[in-house]
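Have a look at the structure below, then the notes.
Computation of the quantities below employed the complete heavy-atom set of this structure, encompassing side-chain atoms and omitting hydrogens, waters and symmetry-equivalent molecules. Numbers restart at 1 for each chain; the letters A, B, ... are given by sequence-line order, proteins then strands.
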2 protein chains.
Amino acid sequence: MKNADLYRLVWMSRPLMQATEACVEAGLRETELTVRMRAVLEILREHGDLTVPDLAQRLEIKRQYVQVMVNETLTSGFTEQRANPRHKRSPLVALTARGRDVIEEIISREMALLDRISAGLDPEEIATALKVVLAVTDKMKQAAGDGK
Amino acid sequence: MKNADLYRLVWMSRPLMQATEACVEAGLRETELTVRMRAVLEILREHGDLTVPDLAQRLEIKRQYVQVMVNETLTSGFTEQRANPRHKRSPLVALTARGRDVIEEIISREMALLDRISAGLDPEEIATALKVVLAVTDKMKQAAGDGK
DNA sequence: TCATATTTGACATTATACTTGTCGTTTTGA
DNA sequence: TCAAAACGACAAGTATAATGTCAAATATGA
């Protein structure tokens, strides 16, 4: 088969995703976080305070469901609402001190796992893999878009 | 960040999977196939006749759900049951002529898409990407397994 | 061979991760 | 200013599974 490697590569996306999610989930045991709450905290940590619709855009998930995710983080005290100067009805969602501690701790443990995983791997090859995956994903999105 | 590329690579698995699935889905328009029926036909095409439990193992999905998928392909006439010399209760699932035609046609169109996608890419780099993704997936699975 | 454990198809229930639709209010922008 | 869009809240629906159970068939091992 001509594009056997590419074929295998794209079909590895699911196993890789599932394995990754399993690791994330395992890292969340013993904490009060769920995977979807973690996703919210992670973005807030990286991008600072955001509104729910902004979070939805970054997560590429519908705002109605992101609202649910965010509400869980609010209820659990990992985030809080702050006045949004740009929109009275749509407050900014911000990490609380506790939320920040928790997500930092989790991310740092995840980074330690990445250290162990990257141990036997050539950084150059990882960079190449990322480049290829980005390019393929981009072209796939285009192709899927055309088809519709 | 130390493992920034690896971090981005593993988190690209979801977008890549979604884009891939969107392409597969787009390729299934105008046919009577669903994505999950396609998955069954693809494996039968590659490995020949199999029982439902064998299919489940290859798909890494519980047999009860694979049974549903297979029953759909049976109902639609893409597969048929054949006597299984090794097990009277568990017949082999086999492609019908029509099923074979359909899956061959779809796969060949998918291959054409892969041709277009691989056009701008270096085969060596694709091979590297596959190697890295396989290694990372493997280590992730191990790590997730340990955690449990 | 016989008893017990496992496998299998069939069916039912539950779970997860979303999307879609709608409402009333607020905000925005021409 | 006023129509269109954005927003939070809530309800319902959908897709893709996992899980549980049963009865019949099969495999295993004493």
(message) Please encode protein proximity along nucleotides 19-26 of chain C as a string of B, S and -, counting only heavy-atom distances under 4.0 Å.
(response) BBBB-BBS

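As a whole-Å value, the separation of E72(B) CD from dC11(C) P is 14 Å. Atoms CD (Q18(B)) and C1' (dA17(C)) sit 11 Å apart, rounded to a whole Å. Atom CG of L92(A) and atom P of dG8(D) are 10 Å apart (whole Å). Between the CG atom of N84(B) and the C1' atom of dG9(C) there is a distance of 14 Å, given to the nearest Å. One interatomic measurement links the two molecules: CD of E21(A) to C1' of dA18(D), which rounds to 15 Å at whole-angstrom precision. Rounded to whole Å, atom P of dC22(D) lies 19 Å from atom CD of Q67(B). Nucleotide dA6(D) holds its P atom 11 Å from the CD atom of Q57(A), rounded to whole Å. The interatomic distance linking L59(A) (CG) with dA17(C) (P) rounds to 14 Å, in whole Å.
Summary of the strand contacts: Q81(B) and M69(A) both lie near DNA chain C, and taking for each the nucleotide with the nearest heavy atom, the more 5' one is attributed to Q81(B). Comparing T51(B) and E25(A) along DNA chain C, the residue whose closest nucleotide (by nearest heavy atom) sits nearer the 5' end is T51(B).
Side-chain proximity of R36(B) to the nucleotides dA17(C), dT16(D), dA9(D) is greatest for dT16(D).
V52(B) comes within 4.0 angstrom of the backbone, heavy atoms only, and of no base.
Contact annotation: R86(A) side-chain N/O to dC7(D) OP1/OP2 distance is not under 4.0 Å. Put simply, S90(A) has a side-chain N or O that comes within less than 4.0 Å of OP1 or OP2 on dG8(D).
At least one side-chain heavy atom of R109(A) sits less than 4.5 Å from a side-chain heavy atom of I106(A). At least one side-chain heavy atom of M1(B) sits under 4.5 Å from a side-chain heavy atom of M111(A). When side chains are defined from C-beta on, S76(B) does not count as touching E32(B), because their heavy atoms never get closer than 4.5 Å. R8(B) has its side chain within reach of L134(A): a pair of non-hydrogen atoms, C-beta onward, lies under 4.5 Å apart.
The pair R38(B)-E110(B) meets the salt-bridge criterion, with a side-chain N (NZ, NE, NH1 or NH2) lying under 4.0 Å from an Asp/Glu carboxylate O.
The heavy-atom pair separating K141(B) from A19(A) by the smallest distance is CG-CB, 3.9 Å.
Other residues, nucleotides and ligands contribute at most 12 non-hydrogen atoms within 6.0 Å of the CD atom of Q57(B).
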